[in-house]
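Heads up, the thing below is written out as structure tokens.
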Amino acid sequence: MPELPEVETVRRALAARLVGRRLTSAAARRGDLRTALPRDLAARLVGRTVTEVGRRAKYLLIGLDDGATVIAHLGMSGRMLLYRDPPPPGAHDHVILGTADGTHVYFNDARRFGLLTIADSKRLARHPLLKDLGLEPLAAGFTGATLAAALAGRKTAIKAALLDQATVAGIGNIYACEALFGARISPRRQAGKLGPARCAKLARAIKDVLVRAIAAGGATLRDHRQPDGALGYFQHDFAVYGRAGLPCPGCDCGDAGGIRRIVQGARATFYCPRRQR
DNA sequence: AACAAGACCTGCATGC
DNA sequence: TGCATGCAGGTCTTGT
């Protein structure tokens, strides 16, 4: 599921319901996720109050009042669902948290590519999961210049570079395709050869598509849900992703076979060969 | 060092 | 209907 906009959508909903609340229960139901759940999960969470819910790249960071932070990643299929009247736990509900006001949080992940662990808040920047992450695209420091510096010397295709979390953090397959369309750059172009003007245009396109997707609640292809169960709807605004053979918005490429699907690094890439060069 | 490919796990759509 | 196949929003590991 989730790239930066989907994770940000989840973060906002969790923050609204959890910050300032005390955790009264914490149950680990199935522990073999991408990394094993902490054995002492309940002991470390029950009684703690949530102080903030942050995000770095695609990681959710749930800060607690004892100086610990819960790090969670949704993988491909993970969800965080909030309930007032919790349903009976299902096979893929791996962690269930309860708060003093009766809210329940279900961490559900069918494919178990996600993870949840607990770290020292003061050392988050040095945590193995977070230490190598690259530019945060919605932060002030993300500009054409910093993007150009991150891409300098890179021989791989720009599409692959955007998926590399050590370069720009939080972009996944959908938004890499959509941002390159917005910047009118071919996904096959060598990353290190983009000039300053095209890097500036790409940085703007990345921010633009991420902001628009967050406003739409993310994109729901199959797994993504907002924590209240609502679907995202940005998939209706995709220009190229999943649209092979169809015309792209505002171009007559349909006459020439439309949007093309290629494979780069074993991932599908969608682009308009007429508009993206 | 940088890069490409394979692995991880489950569910769903498609086609026979 | 049942079964096989391929594909999916991510990232870690391995090998070149």
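Order of the sequence lines sets the chain letters (A, B, ...), proteins ahead of strands, with each chain counted from 1.
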Which residue is it: A/K122, A/R44, A/R48, A/R22? I am looking for the one with a salt bridge (Lys or Arg N to Asp or Glu O under 4.0 Å) to A/D66.
A/R48
Can you sort out the partners of A/H73 under ring-ring contact (aromatic ring centres under 6.0 Å, His included), two or more places apart, ordered by chain and number?
A/Y59
Identify the 5'-most and 3'-most nucleotides of DNA chain B with at least one atom closer than 4.0 Å to a non-hydrogen atom of chain A.
B/dC3 to B/dG11
Heavy-atom nearest nucleotide on DNA chain B taken for A/A160 and for A/R30; more 5' hit belongs to A/A160
Within the structure shown, what part of the strands sits under 4.0 Å from A/A110 by heavy-atom distance: base, sugar-phosphate, or nothing?
sugar-phosphate
Hey, is the side chain of A/R222 poking within less than 4.0 Å of OP1 or OP2 on C/dC7, counting only N and O atoms?
no
Check whether any side-chain heavy atom of A/R154 sits under 4.5 Å from a side-chain heavy atom of A/T167, and report yes or no.
yes
Looking at A/H73, does any N or O in its side chain come under 4.0 Å of the phosphate oxygens OP1/OP2 on C/dG10?
no
Could you check whether A/R261 gets within reach of a base, just the sugar-phosphate, or nothing at all, counting any heavy atom under 4.0 Å?
sugar-phosphate
Are any protein N/O atoms closer than 3.5 Å to N/O atoms in nucleotides 12-16 of chain C? If there are, list each pair with its distance.
{"residue": "C/dC12", "atom": "OP1", "partner": "A/R34", "partner atom": "NH2", "Å": "2.6"}

Does some side-chain heavy atom of A/I62 sit less than 4.5 Å from a side-chain heavy atom of A/V50?
yes
Within the 4.5 Å heavy-atom criterion, are A/L4 and A/E136 side-chain neighbours or not?
yes
Counter-base of B/dA4, judged by Watson-Crick or G-U geometry with both distances under 3.5 Å
C/dT14
Could you tell me whether the side chain of A/L124 reaches within less than 4.5 Å of the side chain of A/I71, counting heavy atoms only?
yes
Would A/D208 and A/R204 count as a salt bridge (charged side-chain N to carboxylate O under 4.0 Å, His left out) here? Give the steps.
CA-CA 6 Å; A/D208 176 71; A/R204 279 197 302 274; over 6 Å; no
A/F181 ring center within less than 6.0 Å of A/Y271 ring center
no
Starting from P on C/dA8, measure out to CZ on A/F113 and report it in whole angstrom.
13 Å
For B/dC9, give the paired nucleotide (Watson-Crick: N1-N3 plus N6-O4 or O6-N4; G-U: N1-O2 and O6-N3; both under 3.5 Å), or none.
none
